[in-house]
S.K.: 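So that we are looking at the same thing, I have put the structure below in C-alpha coordinates.
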Amino acid sequence: MLTVIDHPLIKHKLTVMRKKDTGTKDFRQNLDEIGGLMVYEITRDLPLNPVEIETPICPYTGYELAKKVVIVPILRAGLGMVNGIQDLIPTAKIAHVGMYRDEETLEPHTYFEKYPKNLEEAITIVVDPMLATGGSSVAAIDMVKKQGATNIKLVCLVGAPEGVKTVEEAHPDVDIYLASLDDHLNEHGYIVPGLGDAGDRIFGTK
(Lines give C-alpha, C1' and ligand atoms only; values in the text may rest on other atoms or scores of the structure.)
Protein backbone atom coordinates (compact mmCIF):
# COMPACT_ATOMS: atom_id res chain seq x y z
CA MET A 1 0.00 0.00 0.00
CA LEU A 2 1.21 3.49 -0.89
CA THR A 3 0.97 6.33 1.64
CA VAL A 4 1.94 9.87 0.63
CA ILE A 5 2.44 11.86 3.83
CA ASP A 6 0.72 15.19 3.28
CA HIS A 7 2.02 17.68 5.85
CA PRO A 8 2.73 21.43 5.49
CA LEU A 9 6.17 21.22 7.14
CA ILE A 10 7.21 18.35 4.87
CA LYS A 11 6.04 20.27 1.78
CA HIS A 12 7.97 23.36 2.89
CA LYS A 13 11.20 21.49 3.63
CA LEU A 14 10.93 19.42 0.45
CA THR A 15 10.62 22.62 -1.60
CA VAL A 16 13.87 23.86 -0.04
CA MET A 17 15.55 20.59 -1.02
CA ARG A 18 14.27 20.76 -4.60
CA LYS A 19 15.88 24.16 -5.26
CA LYS A 20 18.99 23.67 -7.36
CA ASP A 21 20.88 26.35 -5.43
CA THR A 22 20.30 24.71 -2.00
CA GLY A 23 23.72 23.77 -0.61
CA THR A 24 24.84 20.52 0.98
CA LYS A 25 24.34 21.67 4.58
CA ASP A 26 20.74 22.82 4.07
CA PHE A 27 19.91 19.84 1.86
CA ARG A 28 21.16 17.40 4.47
CA GLN A 29 19.52 19.22 7.37
CA ASN A 30 16.11 19.30 5.70
CA LEU A 31 16.44 15.62 4.79
CA ASP A 32 17.08 14.80 8.46
CA GLU A 33 14.08 16.85 9.52
CA ILE A 34 11.73 15.30 6.95
CA GLY A 35 12.88 11.84 8.02
CA GLY A 36 11.93 12.72 11.59
CA LEU A 37 8.54 14.07 10.54
CA MET A 38 7.81 10.94 8.48
CA VAL A 39 8.53 8.67 11.46
CA TYR A 40 5.15 9.41 13.03
CA GLU A 41 3.26 7.97 10.05
CA ILE A 42 5.76 5.16 9.47
CA THR A 43 5.41 3.91 13.06
CA ARG A 44 1.67 4.39 13.47
CA ASP A 45 0.98 0.63 13.54
CA LEU A 46 3.98 -0.59 15.54
CA PRO A 47 2.91 -3.22 18.11
CA LEU A 48 3.18 -2.44 21.83
CA ASN A 49 3.54 -4.46 25.02
CA PRO A 50 2.15 -3.28 28.37
CA VAL A 51 4.77 -2.66 31.04
CA GLU A 52 4.38 -1.99 34.76
CA ILE A 53 6.31 1.05 36.01
CA GLU A 54 6.40 3.42 38.98
CA THR A 55 5.75 7.10 38.36
CA PRO A 56 6.77 9.60 41.09
CA ILE A 57 3.13 9.35 42.25
CA CYS A 58 1.95 5.76 41.83
CA PRO A 59 2.23 2.45 39.94
CA TYR A 60 1.25 2.72 36.29
CA THR A 61 0.74 0.47 33.29
CA GLY A 62 2.53 2.00 30.31
CA TYR A 63 3.66 0.68 26.95
CA GLU A 64 6.88 -0.13 25.16
CA LEU A 65 7.65 -1.24 21.62
CA ALA A 66 7.01 -4.95 21.22
CA LYS A 67 9.50 -5.44 18.38
CA LYS A 68 12.91 -4.07 17.61
CA VAL A 69 13.28 -1.70 14.68
CA VAL A 70 15.96 -2.09 12.03
CA ILE A 71 16.70 0.75 9.61
CA VAL A 72 18.17 -0.38 6.29
CA PRO A 73 19.64 2.53 4.28
CA ILE A 74 20.42 1.80 0.65
CA LEU A 75 23.95 3.19 0.33
CA ARG A 76 24.90 5.77 -0.15
CA ALA A 77 22.01 8.23 -0.34
CA GLY A 78 19.90 6.25 2.15
CA LEU A 79 22.36 7.19 4.89
CA GLY A 80 20.97 10.71 4.70
CA MET A 81 17.64 9.53 6.14
CA VAL A 82 19.00 7.49 9.06
CA ASN A 83 19.65 10.25 11.61
CA GLY A 84 16.19 11.78 11.37
CA ILE A 85 14.55 8.40 11.98
CA GLN A 86 16.99 7.28 14.65
CA ASP A 87 16.49 10.54 16.57
CA LEU A 88 12.91 9.36 17.20
CA ILE A 89 13.79 5.67 17.59
CA PRO A 90 17.22 5.74 19.27
CA THR A 91 17.14 1.99 19.98
CA ALA A 92 16.87 1.15 16.26
CA LYS A 93 19.59 -1.07 14.80
CA ILE A 94 21.21 -0.06 11.50
CA ALA A 95 21.79 -2.50 8.65
CA HIS A 96 23.60 -1.47 5.45
CA VAL A 97 22.93 -2.41 1.83
CA GLY A 98 25.41 -1.04 -0.69
CA MET A 99 24.26 -0.66 -4.30
CA TYR A 100 25.07 1.40 -7.35
CA ARG A 101 23.02 1.88 -10.50
CA ASP A 102 24.52 1.05 -13.89
CA GLU A 103 24.34 4.29 -15.89
CA GLU A 104 23.60 2.42 -19.11
CA THR A 105 21.10 -0.25 -18.05
CA LEU A 106 19.83 1.50 -14.88
CA GLU A 107 20.05 -1.91 -13.16
CA PRO A 108 21.24 -2.08 -9.51
CA HIS A 109 24.46 -3.87 -8.53
CA THR A 110 25.18 -4.92 -4.94
CA TYR A 111 28.62 -4.40 -3.39
CA PHE A 112 27.98 -4.60 0.38
CA GLU A 113 25.57 -6.14 2.93
CA LYS A 114 25.60 -6.09 6.74
CA TYR A 115 22.67 -6.93 9.02
CA PRO A 116 21.94 -7.23 12.74
CA LYS A 117 20.80 -10.61 14.05
CA ASN A 118 17.20 -11.87 14.12
CA LEU A 119 15.86 -9.72 11.31
CA GLU A 120 12.82 -11.99 11.15
CA GLU A 121 11.65 -10.61 14.52
CA ALA A 122 12.05 -6.93 13.62
CA ILE A 123 10.17 -4.12 11.95
CA THR A 124 12.44 -3.46 8.96
CA ILE A 125 12.47 0.05 7.48
CA VAL A 126 14.26 0.28 4.11
CA VAL A 127 15.18 3.90 3.35
CA ASP A 128 16.32 5.72 0.22
CA PRO A 129 15.53 9.35 -0.69
CA MET A 130 14.59 8.46 -4.27
CA LEU A 131 12.21 5.82 -5.62
CA ALA A 132 12.93 6.18 -9.34
CA THR A 133 12.85 3.01 -11.47
CA GLY A 134 12.30 0.92 -8.34
CA GLY A 135 15.14 -1.46 -9.20
CA SER A 136 17.29 -0.68 -6.17
CA SER A 137 14.33 -0.80 -3.78
CA VAL A 138 13.16 -4.16 -5.14
CA ALA A 139 16.69 -5.56 -4.88
CA ALA A 140 17.10 -4.28 -1.30
CA ILE A 141 13.75 -5.76 -0.26
CA ASP A 142 14.75 -9.06 -1.90
CA MET A 143 17.94 -8.99 0.18
CA VAL A 144 16.30 -8.31 3.54
CA LYS A 145 13.68 -10.98 2.85
CA LYS A 146 16.50 -13.48 2.27
CA GLN A 147 17.72 -12.53 5.78
CA GLY A 148 14.29 -13.45 7.16
CA ALA A 149 12.57 -10.05 7.30
CA THR A 150 8.80 -10.26 6.94
CA ASN A 151 7.50 -6.93 8.30
CA ILE A 152 9.01 -4.43 5.84
CA LYS A 153 8.33 -0.76 5.15
CA LEU A 154 9.90 1.20 2.28
CA VAL A 155 10.39 4.88 3.09
CA CYS A 156 11.48 7.36 0.41
CA LEU A 157 11.37 11.11 0.05
CA VAL A 158 10.17 11.38 -3.53
CA GLY A 159 8.96 8.67 -5.88
CA ALA A 160 7.93 8.27 -9.49
CA PRO A 161 4.79 6.32 -10.45
CA GLU A 162 6.98 3.91 -12.43
CA GLY A 163 9.02 3.03 -9.33
CA VAL A 164 5.96 2.66 -7.12
CA LYS A 165 4.41 0.26 -9.64
CA THR A 166 7.61 -1.80 -9.87
CA VAL A 167 7.82 -2.23 -6.08
CA GLU A 168 4.11 -2.94 -5.70
CA GLU A 169 4.26 -5.66 -8.36
CA ALA A 170 7.40 -7.28 -6.94
CA HIS A 171 6.51 -6.92 -3.25
CA PRO A 172 2.78 -6.35 -2.71
CA ASP A 173 3.22 -7.07 1.00
CA VAL A 174 5.49 -4.04 1.57
CA ASP A 175 4.03 -0.68 2.59
CA ILE A 176 5.51 2.31 0.72
CA TYR A 177 5.75 5.76 2.33
CA LEU A 178 6.60 8.89 0.33
CA ALA A 179 6.81 12.59 1.11
CA SER A 180 5.85 13.27 -2.52
CA LEU A 181 4.67 11.26 -5.53
CA ASP A 182 6.29 13.10 -8.45
CA ASP A 183 5.24 13.16 -12.11
CA HIS A 184 7.40 10.73 -14.09
CA LEU A 185 10.90 9.54 -15.00
CA ASN A 186 12.85 11.27 -17.75
CA GLU A 187 14.86 9.47 -20.43
CA HIS A 188 17.85 9.25 -18.07
CA GLY A 189 15.87 7.57 -15.29
CA TYR A 190 15.71 10.69 -13.11
CA ILE A 191 12.55 11.69 -11.25
CA VAL A 192 10.75 14.79 -12.59
CA PRO A 193 10.65 17.30 -10.93
CA GLY A 194 12.70 15.36 -8.36
CA LEU A 195 15.75 16.45 -6.41
CA GLY A 196 18.58 15.70 -8.82
CA ASP A 197 21.19 13.20 -7.62
CA ALA A 198 20.38 12.91 -3.91
CA GLY A 199 23.68 11.20 -3.03
CA ASP A 200 25.76 13.94 -4.62
CA ARG A 201 23.68 16.65 -2.96
CA ILE A 202 23.86 15.00 0.49
CA PHE A 203 27.60 14.43 0.41
CA GLY A 204 28.71 17.36 -1.75
CA THR A 205 30.39 15.17 -4.37
CA LYS A 206 29.34 17.34 -7.33
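Worth saying up front: this structure is predicted, and the values here are computed from it rather than measured.
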S.K.: Applying side-chain contact (heavy atoms from CB on, under 4.5 Å), name anything that partners Ala92, two or more places apart in sequence or on another chain.
M.R.: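 Counting only residues at least two positions away or on another chain, Ala92 forms a side-chain contact (heavy atoms from CB on, under 4.5 Å) with Val69, Ile71, Ile89.
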S.K.: Give the C-alpha distance, both sets of side-chain angles, the deciding distance and a yes or no for side chain to side chain contact (heavy atoms under 4.5 Å, CB included) between Thr166 and Thr133.
M.R.: CA-CA 7 Å; Thr166 296; Thr133 65; over 6 Å; no
S.K.: Going from CE on Met38 to OG1 on Thr3, what distance comes out if it is rounded to the nearest 0.5 angstrom?
M.R.: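 Met38 atom CE to Thr3 atom OG1 measures 9.5 Å (nearest 0.5 Å).
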S.K.: Suppose we screen for salt bridge (charged side-chain N to carboxylate O under 4.0 Å, His left out). Which residues come up paired with Lys145, at least two apart in sequence or across chains?
M.R.: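 With neighbours one apart ignored, the set is Asp173.
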S.K.: Please report the closest heavy-atom contact between Leu75 and Gly98, naming both atoms and the distance.
M.R.: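 In this case the closest contact between Leu75 and Gly98 is CB-CA, 3.8 Å.
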S.K.: Less than 4.5 Å apart, side chain to side chain, heavy atoms only: is that true for Tyr40 and Ile5?
M.R.: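 Not in contact.
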S.K.: List, by chain and then residue number, the residues other than Val192 in its hydrophobic cluster (Ile/Leu/Val/Met/Phe/Trp/Tyr, side-chain heavy atoms under 4.5 Å); write none if there are no others.
M.R.: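 Under the 4.5 Å side-chain rule, Val192 groups with nothing.
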S.K.: Just distance, no hydrogens or angles: give the donor-acceptor pairs under 3.5 Å from side chains in residues 117-132, sequence neighbours left out.
M.R.:
none

S.K.: Taking all non-hydrogen atoms of both residues, which atom of Ile94 and which atom of Pro73 are closest, and how far apart?
M.R.: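 In this case the closest contact between Ile94 and Pro73 is CG2-CD, 4.1 Å.
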S.K.: Which pairs pass salt bridge (charged side-chain N to carboxylate O under 4.0 Å, His left out) with one or both residues in residues 33-48, sequence neighbours excluded?
M.R.: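 Every pair satisfying salt bridge (charged side-chain N to carboxylate O under 4.0 Å, His left out) with a residue in residues 33-48: Lys13-Glu33, Glu41-Arg44, Asp45-Lys153.
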S.K.: Heavy-atom count check: over 12 atoms from other residues, nucleotides or ligands less than 6.0 Å from His184 NE2?
M.R.: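 Yes, the 6.0 Å shell around NE2 holds more than 12 heavy atoms from other groups.
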S.K.: Side-chain heavy atoms nearer than 4.5 Å, only ILVMFWY residues, links allowed to pass through others: does that put Ile152 and Met1 together?
M.R.: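 No, Ile152 and Met1 fall in different hydrophobic clusters.
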S.K.: Using the test side-chain contact (heavy atoms from CB on, under 4.5 Å), find all partners of Tyr63 that sit at least two apart in sequence or belong to another chain.
M.R.: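 Partners of Tyr63 under the side-chain contact (heavy atoms from CB on, under 4.5 Å) test: Leu48, Pro50.
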S.K.: Cluster partners of Ile53, using ILVMFWY side-chain heavy atoms under 4.5 angstrom, listed by chain and number?
M.R.: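 Its cluster mates, by chain and number, are Val51, Tyr60.
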S.K.: Is the shortest heavy-atom distance from the side chain of Thr22 to the side chain of Arg201 under 4.5 Å?
M.R.: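 SC-SC contact between Thr22 and Arg201 confirmed.
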S.K.: For residues Arg18 and Asp182, determine if any side-chain heavy atom of one lies less than 4.5 Å from a side-chain heavy atom of the other.
M.R.: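 Yes. Closest side-chain heavy atoms under 4.5 Å.
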S.K.: Can you list everything that forms a side-chain contact (heavy atoms from CB on, under 4.5 Å) with Pro161? Sequence neighbours excluded, please.
M.R.: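 Per chain and number, Pro161 pairs via side-chain contact (heavy atoms from CB on, under 4.5 Å) with Leu181.
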S.K.: Which residues pass the side-chain contact (heavy atoms from CB on, under 4.5 Å) test with Ala160, not counting sequence neighbours?
M.R.: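 Testing Ala160 for side-chain contact (heavy atoms from CB on, under 4.5 Å), a comparison that skips the adjacent residues, returns Glu162, Leu185, Ile191.
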S.K.: Could you report the tightest heavy-atom contact between Asn30 and Met17, atom names first, then the distance?
M.R.: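 Of all heavy-atom pairs spanning Asn30 and Met17, the closest is CB-CG, 3.6 Å.
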S.K.: What heavy-atom pair brings Arg28 and Ile202 nearest, and what distance separates the two atoms?
M.R.: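 Residues Arg28 and Ile202, closest heavy atoms: NH1-O, 2.7 Å.
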S.K.: For Lys11, which residues count as a salt bridge (charged side-chain N to carboxylate O under 4.0 Å, His left out) partner, sequence neighbours excluded?
M.R.: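 Residues passing salt bridge (charged side-chain N to carboxylate O under 4.0 Å, His left out) with Lys11: Asp6.
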S.K.: To the nearest 0.5 Å, what is the distance between CG (Leu195) and CG (Leu14)?
M.R.: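 Result: 6.0 Å between the selected atoms.
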S.K.: Apply the side-chain contact (heavy atoms from CB on, under 4.5 Å) test between Val164 and each candidate in Leu178, Val4, Leu154; give the one that qualifies.
M.R.: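 Testing each of Leu178, Val4, Leu154 against Val164, the sole residue satisfying side-chain contact (heavy atoms from CB on, under 4.5 Å) is Leu178.
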S.K.: Return yes if some donor-acceptor pair links the side-chain N/O of His7 with the main-chain N/O of Leu9 below 3.5 Å, else return no.
M.R.: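 Checking the backbone N and O of Leu9 against the side chain of His7, a donor-acceptor pair under 3.5 Å is found.
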S.K.: When clusters are formed by joining ILVMFWY residues with side-chain heavy atoms under 4.5 Å apart, either directly or through shared neighbours, do Leu46 and Ile42 land in the same one?
M.R.: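 Looking at the clustering, Ile42 is in the same group as Leu46.
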S.K.: Do you know which two heavy atoms are closest between Val72 and Ala95, and how far apart they sit?
M.R.: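 Looks like CG2-CB, 3.9 Å.
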S.K.: Distance from Ile34 atom CD1 to Ser180 atom OG, nearest 0.5 Å?
M.R.: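 So the gap between those two atoms works out to 10.0 Å.
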S.K.: Partners of Asp32 by salt bridge (charged side-chain N to carboxylate O under 4.0 Å, His left out), sequence neighbours excluded?
M.R.: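 None.
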S.K.: Give a yes-or-no answer on whether the side chains of Asp142 and His171 include a donor-acceptor pair shorter than 3.5 Å.
M.R.: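 Yes, a side-chain donor-acceptor pair sits under 3.5 Å.
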S.K.: Would you mind listing every salt bridge (charged side-chain N to carboxylate O under 4.0 Å, His left out) that reaches into residues 56-80, with sequence neighbours excluded?
M.R.: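 For residues 56-80: Arg76-Asp200.
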